[in-house]
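Beneath this line is the structure, given in C-alpha cells, with notes to follow.
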Amino acid sequence: MQGYCFELITGPMSCGKTEELLRRIKRCIIARKKVKVISPQIDTREQGDYIKSRNGLWLDAVKVKDSMQILSVVSDDDTIVAIDELQFFDSNIVKVIETLMAQGKKVIGTGLELDFKGDTFGSMPQLMCIATTVDKLHAVCMKCGSDHATRTQRLIDGKPADKNSPLIMIGGDETYEARCIKCWELPDAKSEEKKSNVLKFLSRS
C-alpha cells in the first residue's frame, strides 16, 4: 500500500537531503500521485514559497508557521506529503506525522538529526523512532575531504562558533559547513574564561 509510511532522510548540512527529497517527489509526480510539499516559515534561506537544493533544483512548497497548520493545508486528495527541515518544527510534528500516516498518506521528510553543538535537534529523535525507513546521508568534510562528514560546523567570521551562541541561525555555505567528527570543533569561551580566571587567582595567591 502506498500510504501508512514515513520515509525520513537525515544527515548534516550539505549532504543532499533536500536534493534526495526532490528526487523522490518527482518520481511520485511521474507516477501521477498528488503531492503536497511543506516547509517551515522559519527557514528564510529562500524568499519564495518553494524548497531548493544546493544544486539548484527547486519545487513549489507551502510555508507553514507551526506543525499543526500542516493538517489544515493537506487535502484529502493529497496522497504524498513531503516536509522539509523537520528539525525546525515544534514537538507536535510527531503527532502530525502519525495522524497523516493514519490517514493513509505517505510522508517523506528531511531533517538535521544533530545541531551545531552535536546535540539532538528538535523532535528528530522521536521522528527517527516512528519512521518506517531512515536514510542517513553523509557529506564531504570541508576541512579534510573525508566523505564521512556527519557533523554540521557553524562558522562566524570564518571561525568555529562558540557553543554558547544561539541555536537557530539560518544561513548557507557562508555560515555552515559539513565536517567529519575529527575536524568538527566546538569552542567554549565561558569555560576558557573560567579557567583563565582561576589561573589568575592562583597566581596571585
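Computed from heavy atoms alone, side chains included, the values below leave out hydrogens, waters and symmetry copies. For this chain, numbers begin at 1 and follow the sequence in order.
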**Study point:** Heavy-atom neighbours of Asp119 CG exceed 12 at 6.0 Å
**Key:** yes
Study note, to complete from the structure: Scanning both residues in full, the closest heavy-atom pair of Pro125 with Thr120 reads CG-CB, 3.5 Å
Review point. Are Glu7 and Lys106 within salt-bridge range, i.e. N to O under 4.0 Å?
Key: yes
Review point. With respect to Leu127, which candidate in Val107, Thr10, Val94 satisfies the side chain to side chain contact (heavy atoms under 4.5 Å, CB included) definition?
Key: Val94
Check your understanding: When rounded to the nearest 0.5 angstrom, what is the spacing between CD1 in Ile42 and NZ in Lys63?
Key -> 11.0 Å
Review point. Is Met142 atom CE crowded by more than 12 heavy atoms from other residues, nucleotides or ligands, each under 6.0 Å away?
Key: no
Point to revise | Residues which pass side-chain contact (heavy atoms from CB on, under 4.5 Å) with Ala161, listed by chain and number, not counting sequence neighbours | key: Phe116, Arg154, Ile156, Ser165
Check your understanding: Any side-chain heavy atom of Leu86 sitting closer than 4.5 Å to one from Thr110?
Key -> no
Exercise for review: Look at the side-chain heavy atoms of Ile, Leu, Val, Met, Phe, Trp and Tyr, link any pair under 4.5 Å apart, and say whether Leu155 and Leu114 land in one connected group.
Suggested key: no
Check your understanding: Of the non-hydrogen atoms in Cys141 and Ala149, which two are nearest, and what is the gap between them?
Key -> N-CB, 3.6 Å
Check your understanding: So do Val64 and Phe89 actually touch side chain to side chain, heavy atoms under 4.5 Å?
Key -> yes
Revision key, fill the gap. In this structure, CE of Met124 is separated from CD1 of Ile93 (nearest 0.5 Å) by 10.5 Å
Exercise for review: Might you work through the salt bridge (charged side-chain N to carboxylate O under 4.0 Å, His left out) test for Lys95 and Glu98, ending with a clear yes or no?
Suggested key: CA-CA 5 Å; Lys95 292 181 180 179; Glu98 289 178 330; over 6 Å; no
Check your understanding: So how far is it from Ser39 OG to Asp84 CG, rounded to the nearest 0.5 Å?
Key -> 5.5 Å
**Study point:** Minimal non-hydrogen separation, Lys65 against Gln69, with atom names
**Key:** N-OE1, 2.8 Å
Review point. Just checking, is any N or O donor in the side chain of Asn164 or Asp188 under 3.5 Å from an acceptor N or O on the other one?
Key: yes
Check your understanding: So which heavy atom on Gly118 is nearest to which on Arg151, and how close?
Key -> CA-NH1, 4.2 Å
Check your understanding: Salt bridge check: are Lys17 and Glu19 linked by an N-O gap of less than 4.0 Å?
Key -> no
Exercise for review: Start with the C-alpha distance between Glu185 and Lys159, add both sets of side-chain angles, then the distance that settles salt bridge (charged side-chain N to carboxylate O under 4.0 Å, His left out), and finish with yes or no.
Suggested key: CA-CA 10 Å; Glu185 301 173 72; Lys159 298 179 180 180; over 6 Å; no
Exercise for review: Report yes if some heavy atom in the side chain of Ile108 is under 4.5 Å from a heavy atom in the side chain of Leu8; otherwise report no.
Suggested key: no
**Study point:** Ionic contact status for Glu113 with Lys136, cut-off 4.0 Å
**Key:** yes
Practice item. With rounding to the nearest 0.5 Å, note down the distance linking CD1 in Ile9 to CD1 in Ile83. Key: 11.5 Å
Practice item. Give the C-alpha distance, both sets of side-chain angles, the deciding distance and a yes or no for side chain to side chain contact (heavy atoms under 4.5 Å, CB included) between Phe121 and Leu167. Key: CA-CA 10 Å; Phe121 207 153; Leu167 177 61; 4.3 Å; yes
Practice item. Ignoring hydrogens and angles, tell me if any N or O in the side chain of Gln87 forms a donor-acceptor pair with the backbone of Leu112 under 3.5 Å. Key: yes
Point to revise | Pairing residues for Ser75 by the side-chain contact (heavy atoms from CB on, under 4.5 Å) criterion, not counting sequence neighbours | key: Lys34, Asp77, Asp78
Review point. Checking side chain to side chain contact (heavy atoms under 4.5 Å, CB included) for the pair Val62/Lys36: CA distance, chi angles, key distance, verdict?
Key: CA-CA 8 Å; Val62 178; Lys36 182 75 70 179; 4.0 Å; yes
Check your understanding: More than 12 heavy atoms of other residues, nucleotides or ligands under 6.0 Å from NZ of Lys117: is that the case?
Key -> yes
Exercise for review: Taking all heavy atoms of Val74 and all of Lys105, pick out the closest pair and write down the distance.
Suggested key: CG1-CE, 4.0 Å
Practice item. Verify, without hydrogens or angle tests, whether Asp147 (side chain) and Ala139 (backbone) share a donor-acceptor contact under 3.5 angstrom. Key: no
Check your understanding: Are the side chains of Val81 and Ile97 in touch, meaning some heavy atoms are under 4.5 Å apart?
Key -> no
**Study point:** Stepwise side chain to side chain contact (heavy atoms under 4.5 Å, CB included) test for Asp115 and Thr152
**Key:** CA-CA 7 Å; Asp115 60 25; Thr152 298; over 6 Å; no
Check your understanding: Looking only at heavy atoms, which two atoms of Ser123 and Ser91 are closest? And how far apart?
Key -> OG-CA, 3.4 Å
Review point. Taking side chain as C-beta onward, heavy atoms only, is Met101 less than 4.5 Å from Cys5?
Key: no
**Study point:** Sidechain N-carboxylate O distance under 4.0 Å for Arg24, Asp135
**Key:** yes
Point to revise | side chain to side chain contact (heavy atoms under 4.5 Å, CB included) between Phe6 and Leu100, worked out | key: CA-CA 9 Å; Phe6 170 34; Leu100 293 171; over 6 Å; no
Practice item. State, yes or no, whether a side-chain contact exists between Val73 and Ile38 at a heavy-atom distance under 4.5 Å. Key: yes
Review point. Got a sec, which residues hit side-chain contact (heavy atoms from CB on, under 4.5 Å) with Thr150, two or more places apart in sequence or on another chain?
Key: His138, Ile181
Review point. Does the side chain of Arg27 come within less than 4.5 Å of Ile29's, by heavy atoms?
Key: no
Check your understanding: How about Val96 and Leu71: do any of their side-chain heavy atoms sit closer than 4.5 Å?
Key -> yes
